[in-house]
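Okay, so here's the structure we're looking at.
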Amino acid sequence: MDAAAPHDRASPPVADHLLAWYDRHRRHLPWRAGPGETADPYRVWLSEIMLQQTTVATVGPYFRRFLERWPTVHDLAAAPSEEVMSAWAGLGYYARARNLHACARAVAGERGGVFPDTEAGLRALPGIGAYTAAAIAAIAFDRKATVVDGNVERVVARLFAVEEPMPAAKPTLRALAATLTPDRRPGDFAQAMMDLGATVCTPRRPACLSCPLSGSCDGRIAGIAEELPRKSPKAERPMRRGTAFVVLSGAGNLLLRVRPAKGMLGGMHEVPATPWDSKTGWRADPDDHEPVAGAVWIALPGIVRHGFTHYDLELEVLAARLRDQPAVPGGEWWPLDRLDDAALPTLMAKVVRHALAHLSR
DNA sequence: GATCCGTGGTT
DNA sequence: TAACCAAGGAT
């Protein structure tokens with residue numbers, strides 16, 4: 001990369017401008033320590049895990065519930081896995097929840113509840129990658145660390161007019177970001193960069209007139225800021241199809257299973273279903289996957305649709321009411337009024353809601 | 001480097 | 001509506 005850029009962006013000017021802007025526009029977030037307050041590493045860590053690929057607005061309620069229920073890393077470590085997964089249900093990327101719990105147990109068990117205060121130490125914990133390690137080191141421990149998330153990549157790409165497409169440009173953008181990181185207030189600087197990206201240097205229609213860095217921004221000067229960072233074209237999402245089985249027992253309980261620990265929706269609850277991880281257009285035969293034998297299946301009208309990161313899914317729903325409540329290998333009979341305690345991902349919550357709406361008629 | 005892994009909001 | 005996008009990590 002080229003360190004000799006057209007403008008002098010030695011860290012004092014840009015960082016000072018940005019920090020001054022941050023002090024004037026600081027947002028109050030549930031996990032953010034007030035001015036002068038000492039950050040709680042547990043809260044910083046918890047929030048950073050939740051914020052991975054997830055918006056501030058979505059995280060807010062989850063963060064509050066977790067903190068109220070498990071105020072310290074020891075409390076979280078002592079919790080049963082099912083409770084953690086249930087509390088996480090709806091947030092998505094469920095490997096985060098599994099790693100969160102594993103990390104809590106590592107910190108509480110092997111480190112006496114004390115988080116590492118270096119990037120390398122943090123990076124070694126489950127669920128903590130380059131971004132999160134740098135963010136915790138900077139925000140919770142005031143370490144000089146270069147925090148690079150999607151916001152920072154966008155800000156830096158525009159500031160230096162980097163036209164190389166993503167994701168190939170990532171190393172370049174990281175190196176350029178490192179040249180900006182100040183010795184003082186690195187945690188505030190990191191949050192300022194992310195806040196700037198989230199509220200001013202937005203993906204579309206950036207508010208350059210309100211930007212504290214506009215005078216230094218090569219992308220704005222060149223008139224290409226909104227086009228940056230450039231991106232390589234992405235593959236389109238295929239459609240997958242399957243059939244879900246909603247089974248109610250005579251006692252009014254719902255049949256659920258726990259999905260395999262790894263992979264899609266790993267460790268979460270599901271209603272029994274055919275496989276859908278197959279080729280486009282192919283649908284497994286429901287007859288081969290009925291969770292209980294001899295039931296009278298009713299094909300419910302309508303389709304449950306759900307979009308995942310890399311494919312879309314359409315599920316038909318077959319429903320059955322049984323007279324009794326047979327034991328089903330790997331199955332759990334859940335009272336309908338206790339479904340809030342199940343670890344139901346949004347897809348499965350949709351299926352259950354869809355089925356109950358029809359069956360209650 | 002490429003792929004897999006959720007969900008909800010915005011445009 | 002469809003596409004895009006978000007305080008990414010693991011493999």
Side-chain angles (χ1 to χ4, degrees), chain A residues 27 29-32 43-63 85 88-100 102-103 122-140 145-155 165-171 174 177 187 189-199 201-206 226 229 231-240 259-268 270 277 305-313 343-350:
Chain A
R27 293 192 292 171
L29 304 177
W31 45 85
R32 188 171 276 179
R43 299 187 188 200
V44 173
W45 163 73
L46 178 61
S47 68
E48 290 299 341
I49 301 299
M50 289 183 168
L51 286 164
Q52 290 168 3
Q53 294 289 284
T54 309
T55 59
V56 165
T58 300
V59 165
Y62 283 87
F63 179 82
M85 299 307 287
W88 195 276
L91 248 194
Y93 285 131
Y94 298 100
R96 291 187 296 172
R98 301 194 299 271
N99 287 327
L100 180 88
C103 184
L122 290 160
R123 183 71 180 75
L125 291 168
I128 298 182
Y131 160 78
T132 306
I136 297 173
I139 297 170
T146 300
V147 178
V148 183
D149 73 333
N151 289 303
V152 175
E153 286 176 341
R154 184 171 59 255
V155 170
M166 297 289 280
K170 280 177 174 286
R174 168 173 296 281
F189 176 78
Q191 293 177 88
M193 286 286 279
M194 293 189 283
D195 276 10
L196 187 74
T199 64
C201 194
T202 49
R204 281 169 288 194
R205 298 180 61 85
E226 190 167 0
K231 301 193 174 178
S232 305
K234 58 182 72 172
E236 63 182 69
R237 293 193 302 186
M239 177 71 74
R240 297 184 181 185
R259 291 179 61 85
K262 292 185 177 181
M264 189 73 179
L265 309 178
M268 301 294 287
E270 66 172 359
D277 50 335
R305 301 176 205 279
H306 194 72
F308 293 107
T309 309
H310 51 297
Y311 62 88
D312 291 312
L313 178 64
L344 281 182
T346 296
L347 164 66
M348 295 300 163
K350 279 187 188 177

Taking N and O atoms by type only, does the side chain of A/T309 place a donor or acceptor under 3.5 Å from a partner on the base of B/dG6?
yes
Categorize A/R98 for me: base, sugar-phosphate, or nothing, with a 4.0 angstrom heavy-atom threshold over every strand shown.
nothing
Just how far, in rounded Å, is P of C/dA10 from CD of A/Q53?
13 Å
Inspect the contact between A/D195 and A/R32 and indicate whether a charged nitrogen and a carboxylate oxygen are less than 4.0 angstrom apart.
yes
Below 4.0 angstrom from OP1 or OP2 of C/dG8, is there any side-chain N or O of A/Q52?
no
Would you say the ring centroid of A/F308 lies under 6.0 angstrom from that of A/H310?
no
Within the structure shown, what part of the strands sits under 4.0 Å from A/T346 by heavy-atom distance: base, sugar-phosphate, or nothing?
sugar-phosphate
Over all strands shown, is A/T132 touching base, sugar-phosphate only, or nothing at heavy-atom distances under 4.0 angstrom?
sugar-phosphate
Any luck finding a side-chain donor-acceptor pair between A/Y131 and A/E48 under 3.5 Å?
yes
Whole-Å distance separating the CD1 atom of A/I49 from the P atom of B/dG6
15 Å
Base, sugar-phosphate alone, or nothing: which one does A/G197 contact when heavy atoms must sit under 4.0 Å apart?
nothing
Look at all strands and tell whether A/R27 reaches a base, only sugar-phosphate, or nothing, counting heavy atoms closer than 4.0 Å.
base
Once you round it to whole Å, what is the distance between P of C/dC5 and CG of A/D149?
15 Å
Does a side-chain N or O from A/H306 land closer than 4.0 Å to OP1 or OP2 of B/dG6, or not?
no
Between A/G307 and A/R205, which is nearer to the 5' end of DNA chain B once each is assigned its nearest nucleotide?
A/G307
Using only side-chain N and O atoms of A/Y94, determine if any of them is under 4.0 Å from OP1 or OP2 of B/dT7.
yes
May I have the distance from A/L313 (atom CG) to B/dC4 (atom C1'), rounded to whole angstrom?
16 Å
Has A/R96 got a side-chain N or O lying under 4.0 Å from the OP1 or OP2 atom of C/dA10?
no
Compare the minimum distances between each of C/dA7, C/dA6, B/dT7 and the side chain of A/R154, then state the nucleotide with the smallest one.
C/dA6
Can you tell me how far P in B/dT11 sits from the matching atom in C/dA7, rounded to whole Å?
14 Å
Expressed as a whole number of angstroms, how long is the span from A/E236:CD to C/dT1:P?
19 Å
Looking only at heavy atoms, what is the nearest atom pair of A/R123 and A/G129, with distance?
CD-C, 3.4 Å
Verify the distance criterion only: is there a donor paired with an acceptor across the side chains of A/N151 and A/R154 at less than 3.5 Å?
yes
Would you kindly give the OH-to-C1' distance between A/Y93 and B/dC4, to the nearest whole Å?
9 Å
Applying a 4.0 Å non-hydrogen cut-off, can you work out what A/R32 is touching in the nucleic acid: base, sugar-phosphate, or nothing?
base
Measure from the side chain of A/P203, starting at C-beta and using heavy atoms only, and say which of B/dG8, C/dC5, C/dG9 lies closest.
C/dC5
Nearest whole Å is fine: how far is C/dA7 C1' from A/Q191 CD?
10 Å
Where A/V152 and A/M194 come nearest, the two heavy atoms and their spacing
CG2-CG, 4.1 Å
DNA chain B: A/G263 or A/A168, which has the more 5' nearest nucleotide?
A/A168
Report which part of the nucleic acid A/A190 touches: base, sugar-phosphate, or nothing (heavy-atom distance under 4.0 Å, all strands).
nothing
Closest to the 5' end of DNA chain C, once A/V148 and A/K234 are matched to their nearest nucleotides, is A/K234
Between A/E153 and A/K170, does any NZ, NE, NH1 or NH2 come within less than 4.0 Å of an OD or OE carboxylate oxygen?
yes
Name the nucleic acid region contacted by A/L265, choosing base, sugar-phosphate or nothing; use a 4.0 angstrom heavy-atom cut-off, strictly under.
sugar-phosphate
Which nucleotide sits closest to the side chain of A/R204: C/dC4, C/dA7, B/dG6?
C/dC4
Is A/W88 touching bases, backbone alone, or none of the nucleic acid, heavy atoms closer than 4.0 Å?
nothing
Taking the side chain of A/V56 as its heavy atoms from C-beta onward, which of B/dG6, C/dA10, C/dA7 lies nearest to it?
C/dA7
Pick base, sugar-phosphate or nothing for A/I136, based on heavy-atom distances below 4.0 Å to the nucleic acid.
nothing
Less than 4.0 angstrom between a side-chain N/O of A/H310 and OP1 or OP2 of B/dC5, yes or no?
yes
At under 4.0 Å, does any side-chain N or O of A/R237 touch on OP1 or OP2 of B/dC4?
no
A/E48 side chain: which of C/dA10, C/dA7, B/dT7 is closest?
C/dA7
Starting at atom CZ of A/R305, determine the distance to atom C1' of C/dA3, rounded to an integer number of angstrom.
18 Å
Just checking, is any N or O donor in the side chain of A/R237 or A/T309 under 3.5 Å from an acceptor N or O on the other one?
no
Just checking A/P167: base, sugar-phosphate only, or nothing, at a heavy-atom cut-off of under 4.0 Å?
nothing
